[in-house]
Amino acid sequence: MPELPEVETYRRLLDELLVQQQLVTLEVLDAHVLAVPEDELRQAVVGATVTATHRLGKNCFLELSTGQVLALHFGMTGDVGAYRHDHDRPRFTRVAFHLADGLRVAFIDPRKFGRIRLAGSIAEFQRAKKIGPDALAITAEEMQQGLGKKKTLIKPALLDQRLTAGLGNWIVDEVLFQAQIHPERLANTLTAEEFQALHAAIQLVLRTAIEHEAVYRHFPASFLIHAREWDDSATPGTEAHRFCPRHPKVEIGKHYVGGRATYHCPSCQLLAT
DNA sequence: CACTATGTTTTCAA
DNA sequence: ATTGAAAACATAGT
């Protein structure tokens, strides 16, 4: 589930567990998630101390005492865990960083779309990956400048990490719902007021999600996310509710925009201006 | 078995 | 240079 709020939550955990700790062993259980040769990574990591953590969009960085930076991307299913003994190792742990006191920090990723990279600096990584300003840092004016020129639908534009980094599929739907903008509006037809509303919605959604450590079922009832199917029947009281939080009689629609499943309220989010 | 999935990257076309 | 559609990646869950 790693969009910006999840990655920020992971970063906070990694910060607590790793900062000022020395990495003594690199355990690679599945090299598929490594985007650098294993030996090179081991050489960079073993013996180094983590001096700080950072986040940019959906990327988390571990700054090493050597000056190098470990860049973690969690793909679609990445997660972070901690354990002390092999028999407690989380399922789907692909890489583990061992600390001097025995704690092991796991990079977990069932579907293996996540990647661990090495970079000289965050700035270098950002340039190489063409990552835009973080979604929590970007201003409404910058958004208007970046997205306002795009002759594409607003939803794919918001998902484009080069324009603003950190928004993923469900967050974009939530943001567009909160800003009451239809996902298929052309980006270059949005007004300054609409960019202001988008910016405010991004702040609201991201801050709320981080506050709840990205546990969706704890989000306010005013959020569209409850119409998604994930947290359904398993726990009583968490069934997907199919109606708009603002229009109890209007069913949330599901269709595909830019190839991605998209939920929106046909009453709040109109195509015509 | 059929189908979906929170993300990115590539490829091919218009 | 843009934009878009589709496929690919690897696998779990329903």
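Order of the sequence lines sets the chain letters (A, B, ...), proteins ahead of strands, with each chain counted from 1.
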Could you encode protein contacts along nucleotides 8-14 of chain B as a string, one character per nucleotide from 5' to 3', using B for base contact, S for sugar-phosphate-only contact and - for no contact, with a heavy-atom cut-off of under 4.0 Å?
-> BS-----
Atom CG of A:Asp79 to atom P of B:dA5: distance rounded to whole Å?
-> 21 Å
May I ask whether A:Val80 and A:Ile108 are part of the same hydrophobic cluster, defined by side-chain heavy atoms of I, L, V, M, F, W, Y residues being less than 4.5 angstrom apart, directly or through others?
-> no
Residue list, side-chain hydrogen bond (donor to acceptor under 3.5 Å, both in side chains) with A:Gln145, at least two apart or on another chain | none
Quickly work out the A:Asn169 CG to B:dG7 P distance and round it to whole Å.
-> 6 Å
Only counting residues at least two apart or in another chain, list the ones meeting side-chain hydrogen bond (donor to acceptor under 3.5 Å, both in side chains) with A:Arg127.
-> none
Could you tell me whether the side chain of A:Gln161 reaches within less than 4.5 Å of the side chain of A:Asn59, counting heavy atoms only?
-> no
A:Ala135: what forms a side-chain contact (heavy atoms from CB on, under 4.5 Å) with it, not counting sequence neighbours?
-> A:Leu4, A:Thr164, A:Leu167, A:Ile202, A:Leu206
Sequence-distant partners of A:Phe92, ring-ring contact (aromatic ring centres under 6.0 Å, His included), two or more places apart | none
Sequence-distant partners of A:Thr262, side-chain contact (heavy atoms from CB on, under 4.5 Å), two or more places apart = A:Lys155, A:Asp173, A:Pro183, A:His255, A:Val257
Under a 4.0 Å heavy-atom cutoff, the residues of residues 200-215 of chain A touching DNA chain B are none
Starting at the 5' end of nucleotides 7-14 of chain C, put B wherever the base has a protein heavy atom under 4.0 Å, S where only the sugar-phosphate does, and a dash everywhere else.
-> --BBBB--
Those residues of residues 143-151 of chain A lying under 4.0 Å from DNA chain C by at least one heavy atom = A:Lys150, A:Lys151
Nucleotide-level pairing of DNA chain C, given in dot-bracket where Watson-Crick and G-U pairs need both distances under 3.5 Å and | marks other strands | .||||||||.||||
What interatomic distance, in whole Å, is found between P of B:dT11 and the corresponding atom of C:dA10?
-> 15 Å
Please table the atom pairs, donor to acceptor, closer than 3.5 Å between any side-chain atom in residues 62-76 of chain A and protein atoms at least two apart or in another chain.
{"from": "A:Glu63", "atom 1": "OE1", "to": "A:His54", "atom 2": "NE2", "distance (Å)": "2.8"}
{"from": "A:Glu63", "atom 1": "OE2", "to": "A:Thr51", "atom 2": "OG1", "distance (Å)": "3.3"}
{"from": "A:Ser65", "atom 1": "OG", "to": "A:Thr49", "atom 2": "N", "distance (Å)": "2.9"}
{"from": "A:Ser65", "atom 1": "OG", "to": "A:Thr49", "atom 2": "O", "distance (Å)": "3.4"}
{"from": "A:Thr66", "atom 1": "OG1", "to": "A:Gln68", "atom 2": "N", "distance (Å)": "3.3"}
{"from": "A:His73", "atom 1": "ND1", "to": "A:Gly75", "atom 2": "N", "distance (Å)": "3.0"}

Would you tabulate the side-chain donor-acceptor contacts of residues 110-118 of chain A under 3.5 Å, counting partners in other chains and residues two or more places apart, or write 'none'?
{"from": "A:Lys112", "atom 1": "NZ", "to": "A:Asp30", "atom 2": "OD2", "distance (Å)": "2.7"}
{"from": "A:Arg115", "atom 1": "NH1", "to": "A:Lys112", "atom 2": "O", "distance (Å)": "3.1"}

